[in-house]
Amino acid sequence: MVEHTLGLIKENVIQGRVTREDEGLEEGMEGQPGVVELTEEAIARGISAEDIINNGLTAGMVIVGQKFEAREYYIPDMLASAEAVGVAMTILEPHLSKSGVKPKGKIIVATVRGDLHDIGKNIVSILLRGAGYTVNDLGNDIDAQTIVEAVREERPQFLGLSALLTSTMKHMGDIIEALTESGLRDSVKVIVGGAPLSEEFAVSIGADGYGADGFDAVRVVKSLSSAENK
Ligand code: B1M
């Protein structure tokens, strides 16, 4: 039953169907539950947010990417699916946030220069807030100078960088260099993530941590926090 609901969420992300009113790309789907109704149903059934995000929403986006690569999908199709994931995250957010938790630390997050992909970064931000961190999300397409200035002014414990393009991930190394040149590198732990990255890449640019997915990012931030407090 859990697999069935998650499979339907994945399929409806692929179809870019936000609600039951949406037609989708295949015929005959109108009137059937969309991502909104299915996400609500999954929560009511007690399916974990981690399962919904990883095995429903993100799994659907992986197929969308494959269809784009195979030229079956175009930009508007990717945007429709992206919207469905964004709306589902607004439904999941209250279930991921613990109220009344004393802030554990501050993190600035951004998608790097030249990169407009923000869904993964938004998920990471929501999960970090839910885990009790104060998050300042600078947005997407953010250059090194803006990030360095934000670190200088806000003095966060963590900086989270996201990149989805092989052509933009290199800017993460530039940002770390710019922090070093500004004398700020030792004041902030840098965590990086995004589909084309790997642990090896993170090490090669001198980042302090790598998150394979949003939940992993929270684990990495928590473990760096506790290492710092020892
Ligand atoms: Co684009 N796109 N896209 N796209 N897009 C990819 C990334 C691509 C792999 C698709 C493909 O060809 N298979 C490909 C990149 C190829 C490459 O670089 N080698 C690609 C391309 C080519 C492009 C354009 C160049 C297309 C064009 O214009 N010709 C263009 C570039 C625009 C730009 O950025 N300058 C483009 C545009 C777009 C849209 C705007 C239409 C849309 C983005 C909408 C939006 O974000 N608001 C879009 C989408 C939706 C995708 C795919 C299909 C899905 C991305 C996504 O949201 N995934 C994507 C294919 C894919 O990734 N499978 C693709 C779901 C999301 C939850 O996962 O972002 O990986 P992800 O985040 C995860 C983890 O990576 C991790 O946790 C997240 C949650 O679990 N994570 C972190 C992410 N950041 C982290 C930070 C951390 C820790 C973990 O610490 C701080």
Side-chain angles (χ1 to χ4, degrees), residues 48-62 65 82 85-86 88-89 92-93 95-98 101 103-142 144 147 150-151 154 156-177 179 185 187-229:
S48 74
E50 185 160 2
D51 247 358
I52 298 171
I53 293 171
N54 288 346
N55 300 321
L57 304 172
T58 307
M61 289 311 267
V62 169
V85 175
M89 285 309 298
L92 287 173
E93 185 161 7
H95 299 270
L96 291 160
S97 307
K98 291 184 203 139
V101 179
K104 289 183 180 151
K106 184 167 194 177
I107 176 159
I108 289 179
V109 299
T111 301
V112 301
R113 178 162 71 87
D115 202 323
L116 302 177
H117 297 86
D118 64 359
I119 299 173
K121 166 194 62 71
N122 295 345
I123 290 178
V124 171
S125 298
I126 289 171
L127 295 180
L128 283 166
R129 282 193 191 106
Y133 292 87
T134 303
V135 179
N136 179 9
D137 182 348
L138 299 181
N140 54 21
D141 189 13
I142 306 298
I147 291 170
V151 170
E154 299 183 31
Q157 288 82 15
F158 301 98
L159 170 65
L161 301 173
S162 181
L164 260 289
L165 298 171
T166 45
S167 57
T168 57
M169 58 195 262
K170 62 176 185 283
H171 297 316
M172 292 175 157
D174 302 340
I175 293 163
I176 292 175
E177 265 177 38
L179 284 170
R185 180 65 186 97
S187 73
V188 66
K189 297 262 183 266
V190 182
I191 294 99
V192 297
L197 274 69
S198 63
E199 184 87 52
E200 293 70 40
F201 174 78
V203 170
S204 76
I205 60 168
D208 299 294
Y210 161 70
D213 63 32
F215 293 90
D216 195 33
V218 173
R219 282 189 283 272
V220 170
V221 168
K222 277 184 181 167
S223 83
L224 288 170
S225 296
S226 56
E228 206 169 55
N229 295 333

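When a residue number appears, it is its place in the shown sequence, counting from 1. All figures in this text were calculated on a predicted structure; none of them were measured in a lab.
Between L164 and G194, the shortest heavy-atom contact is CD2-CA, 4.2 Å. Between F215 and L127 the shortest heavy-atom distance is N-CD1, 3.6 Å. The two residues G114 and L165 make their nearest non-hydrogen contact at O-CD1, 4.1 Å. Across every non-hydrogen atom of V124 and A217, the tightest pair is CG1-CB, 4.1 Å. Of all non-hydrogen atoms in V220 and G209, the two that sit nearest each other are CG1-CA, 3.9 Å. When every heavy atom of A82 is checked against every heavy atom of I119, the shortest pair comes out as CB-CD1, 3.3 Å.
Panel note: side chain K104, backbone A131; a donor-acceptor pair is recorded below 3.5 Å. Side-chain atoms of T111 do not come within 3.5 Å of backbone N or O of D118 as any donor-acceptor pair. Not a single donor-acceptor pair under 3.5 Å links the side chain of N136 to the backbone N or O of I108. In this structure, the side chain of D141 does not engage the main chain of R113 through any donor-acceptor pair within 3.5 Å. For the pair R129 (side chain) and G132 (backbone), a donor-acceptor distance under 3.5 Å is absent.
Side-chain atoms of L57 and I123, non-hydrogen and from C-beta on, never get closer than 4.5 Å to each other. Using a 4.5 Å cut-off on side-chain heavy atoms (C-beta onward), M172 and L197 make contact. Taking the side chain as every heavy atom from C-beta outward, S225 and F158 approach each other to under 4.5 Å. Using a 4.5 Å cut-off on side-chain heavy atoms (C-beta onward), V151 and P156 make contact.
Residue pairs meeting the side chain to side chain donor-acceptor pair (under 3.5 Å) criterion with at least one member in residues 189-203, sequence neighbours excluded, are S198-E200. Sorted by first and then second residue, the pairs that involve residues 209-220 and meet salt bridge (Lys or Arg N to Asp or Glu O under 4.0 Å), not counting sequence neighbours, are D216-R219.
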(request) Apply the test side chain to side chain contact (heavy atoms under 4.5 Å, CB included) to residues M89 and I53: give CA-CA distance (whole Å), side-chain angles for both, the deciding distance (0.1 Å), then the verdict. (result) CA-CA 8 Å; M89 285 309 298; I53 293 171; 3.8 Å; yes
(request) Given side chain to side chain contact (heavy atoms under 4.5 Å, CB included), test I205 with V190 step by step and report yes or no. (result) CA-CA 10 Å; I205 60 168; V190 182; over 6 Å; no
(request) Give the intermediate values and the outcome of side chain to side chain contact (heavy atoms under 4.5 Å, CB included) for residues E154 and L159. (result) CA-CA 11 Å; E154 299 183 31; L159 170 65; over 6 Å; no
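D51 is linked by a side-chain hydrogen bond (donor to acceptor under 3.5 Å, both in side chains) to N55, counting only residues two or more places apart in sequence or in another chain.
For the atom pair I107 CD1 and T134 OG1, the distance stands at 10.5 Å (nearest 0.5 Å).
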